[in-house]
Protein chains: 2
Amino acid sequence: MTELMLPERQNRIRQRLAQDGRVLAAALALEFSVSEDTIRRDLREMAAAGLCERVYGGALPVGLANTSLRQRMSVAMERKRALAEVAIRQIVPRSVVFFDAGSTHLAIAEALPDDLALTAVTNAPAIAMALAEKPAVDTILIGGLVDRVAGGAVGARAIEALSGMRFDLCLIGTCGIDGEGGLSAFGYEDAALKQFAITRSSRVLVAATTEKFSVSAPYAVASAAQYHCLVVEEDADPVRLQIIRKEGCEIIVAGRGAASAA
Amino acid sequence: MTELMLPERQNRIRQRLAQDGRVLAAALALEFSVSEDTIRRDLREMAAAGLCERVYGGALPVGLANTSLRQRMSVAMERKRALAEVAIRQIVPRSVVFFDAGSTHLAIAEALPDDLALTAVTNAPAIAMALAEKPAVDTILIGGLVDRVAGGAVGARAIEALSGMRFDLCLIGTCGIDGEGGLSAFGYEDAALKQFAITRSSRVLVAATTEKFSVSAPYAVASAAQYHCLVVEEDADPVRLQIIRKEGCEIIVAGRGAASAA
DNA sequence: GTGAATCATGCACAATTACGCTAAAACGTG
DNA sequence: CACGTTTTAGCGTAATTGTGCATGATTCAC
């Protein structure tokens with residue numbers, strides 16, 4: 001067998017991953033005649049790019065280990081709730097609000113007060129369920145092919161359903177935030193839907209936990225100039241926040257009164 | 001069986017939880033060829049993440065502090081699971097199946113085996129969530145205005161989305177069954193959606209718990225001639241079943257000879 | 001109560017991993 | 001071609017992780 005170039009090797013790993021549903025680092029090293037170190041580096045890179053999920057001994061495809069929204073929901077829940085409380089204050093009664101899929105938005109939906117009247121639109125089943133519990137909320141579900149990873153409907157049907165709507169506020173989730181405040185997503189279709197939702201909305205709010213600042217995902221969604229308000233946690237890096245603020249974006253720090261000033 | 005990686009094992013445990021409604025530590029240890037200690041650690045972790053509830057000897061699904069539909073779900077849970085097991089046997093692999101909203105159908109979705117490949121269409125967020133956990137199922141969500149009572153999308157948008165589809169099988173819920181096997185629903189729009197779904201499907205299956213036979217709801221959905229298969233419990237009235245059978249409807253009685261979980 | 005089963009905790013061992021370092025190869029540039 | 005820079009791969013070492021076992025403590029069933 002001829003030696004493989006790095007991208008070729010990673011492609012083969014991806015193939016094996018899809019085929020077998022898992023790969024072992026030791027086995028791959030043997031198969032490609034390279035050290036386990038090299039394989040581990042590959043897997044680490046691929047995991048950072050969202051192509052697989054690193055586990056002890058090898059890697060799994062993105063879907064298998066953590067898909068469950070419930071699982072994502074259970075991590076950092078109190079922090080997400082804190083973000084939610086602040087984000088809710090940005091919602092104008094009787095307005096039309098789009099809830100993008102994501103565990104933070106689920107936390108927001110759950111935390112809505114019972115007397116807040118709202119027309120809520122969402123592509124995420126979990127969020128729709130939470131919204132259905134709120135007596136003053138009319139819930140509109142966006143249909144389409146359900147993306148396991150994103151936890152909501154995406155694709156042509158979803159975009160089509162959105163195209164007939166106008167939102168007063170749009171809550172957009174993000175998988176990562178880059179240095180200039182640019183948002184990115186792991187899924188191609190997911191990113192497309194987010195982008196489209198933004199175009200249908202007069203105001204865009206992004207709520208992000210601090211770890212989002214150290215993640216970069218492959219598909220760009222929006223630059224800082226395209227959203228109006230960013231809700232972050234107290235421990236977010238002030239330098240990076242300042243950069244984003246310069247783009248004309250209002251920054252709200254959760255857990256500190258209601259002030260946005262640094 | 002090959003050895004499983006830690007996340008894979010925990011995933012399997014989660015599946016067993018959803019499917020069987022409980023797991024025993026000792027049995028899992030045997031099944032996965034690891035020590036009970038390891039299983040106990042898994043269960044402890046999962047419980048800490050809110051994915052299950054730890055009990056003496058094993059674990060139970062979390063389902064205790066959940067939504068109102070979950071509440072309906074907990075009513076007659078065992079019986080619905082029994083219906084579900086039978087109904088699943090009517091599903092042809094690789095077919096396109098519509099899941100109407102309803103707690104019985106949620107039970108069916110949760111009990112689907114992992115290796116059953118399927119295109120599932122549903123208007124119910126809760127069912128969409130359950131389906132998203134099944135690795136071999138493509139889930140299509142029907143959007144529209146969410147009906148709180150029915151627990152799914154209804155109305156013009158939902159009908160429109162359905163109109164472009166053809167189903168191999170259609171699982172229709174019912175609020176009541178009259179003397180001649182006619183189905184009825186409490187919601188006007190809900191009834192309309194059920195009717196329309198039936199017209200899009202080559203085969204229609206109804207799963208009903210026994211109490212449905214003593215309920216009659218205001219809006220007619222379908223007569224016995226319009227569905228092909230009725231799954232009922234063991235204690236359903238044989239006289240009424242005979243009448244429905246005469247309409248050309250196959251009747252399947254669940255629970256005969258299967259006394260599994262306690 | 002009493003015995004058996006199940007449990008949490010601490011510890012030990014092996015496998016796996018990240019990190020820093022080095023060397024070789026590939027690349028661009030004048 | 002010579003040169004510095006970047007990329008890539010291998011190695012040693014220390015740290016981390018998953019697992020099984022021993023030990024009491026706890027819980028359950030009778």
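Just so we're on the same page: letters track the sequence lines, and every chain starts at 1. Just the heavy atoms: all of them, side chains too, but no hydrogens, waters or symmetry mates, feed the values below.
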Bending between helix ends of the helix from C/dG1-D/dC30 to C/dG30-D/dC1 [5 pairs per end, 10° resolution]: 50°

Results of side-chain contact (heavy atoms from CB on, under 4.5 Å) for A/Leu24 - residues two or more places apart only: A/Arg22, A/Ala27, B/Met5

Contact pattern, 5' to 3', of nucleotides 21-30 of chain D - B, S or - by protein heavy atom under 4.0 Å: BB----BS--

Length of the CG-P vector between B/Leu28 and D/dG20, whole Å: 14 Å

A/Glu45 and A/Arg41 ion-paired at < 4.0 Å: no

Distance, rounded to the nearest Å, where A/Arg40 contributes CZ and D/dT16 contributes P: 16 Å

Euclidean distance, atom CD1 of residue A/Ile39 to atom C1' of D/dC11 [Å, nearest integer]: 16 Å

N/O (side chain, B/Arg54) to phosphate O (OP1/OP2, C/dA8) under 4.0 Å: yes

Check ion pair A/Arg16-A/Glu31 (N to O, under 4.0 angstrom): yes

Contact list for residues 179-199 of chain A, test side-chain hydrogen bond (donor to acceptor under 3.5 Å, both in side chains), sequence neighbours left out: A/Asp100-A/Lys194

Results of ring-ring contact (aromatic ring centres under 6.0 Å, His included) for A/Phe98 - residues two or more places apart only: A/Phe167

Closest to side chain of A/Arg9, choosing from C/dT17, D/dA9, C/dC7: D/dA9

Separation of atom CZ in B/Arg44 from atom C1' in C/dC7, rounded to whole Å: 8 Å

Any donor-acceptor pair under 3.5 Å from A/Asp147 side chain to A/Gly151 backbone: no

Separation of C/dA15 P from A/Leu30 CG (nearest whole Å): 16 Å

A/Thr38 side-chain N/O to D/dG10 phosphate OP1/OP2 under 4.0 Å: yes

Residues A/Arg40, A/Glu36; criterion salt bridge (charged side-chain N to carboxylate O under 4.0 Å, His left out); working and verdict: CA-CA 6 Å; A/Arg40 273 196 284 272; A/Glu36 290 190 30; 3.3 Å; yes

Between C/dA8 (C1') and B/Asp42 (CG): distance, integer Å: 15 Å

Interatomic distance where CD belongs to A/Glu36 and C1' belongs to D/dG10 [whole Å]: 12 Å

Position toward the 5' end of DNA chain C (nearest nucleotide), B/Gly58 or A/Gly57: B/Gly58

Rounded distance (Å) that lies between atom P of C/dT17 and atom CG of A/Leu24: 9 Å

Backbone N/O of A/Leu60 and side chain of A/Glu53: donor-acceptor pair under 3.5 Å: no

Residues forming a side-chain contact (heavy atoms from CB on, under 4.5 Å) with B/Ala124, sequence neighbours excluded: B/Ala101, B/Thr122, B/Ile127

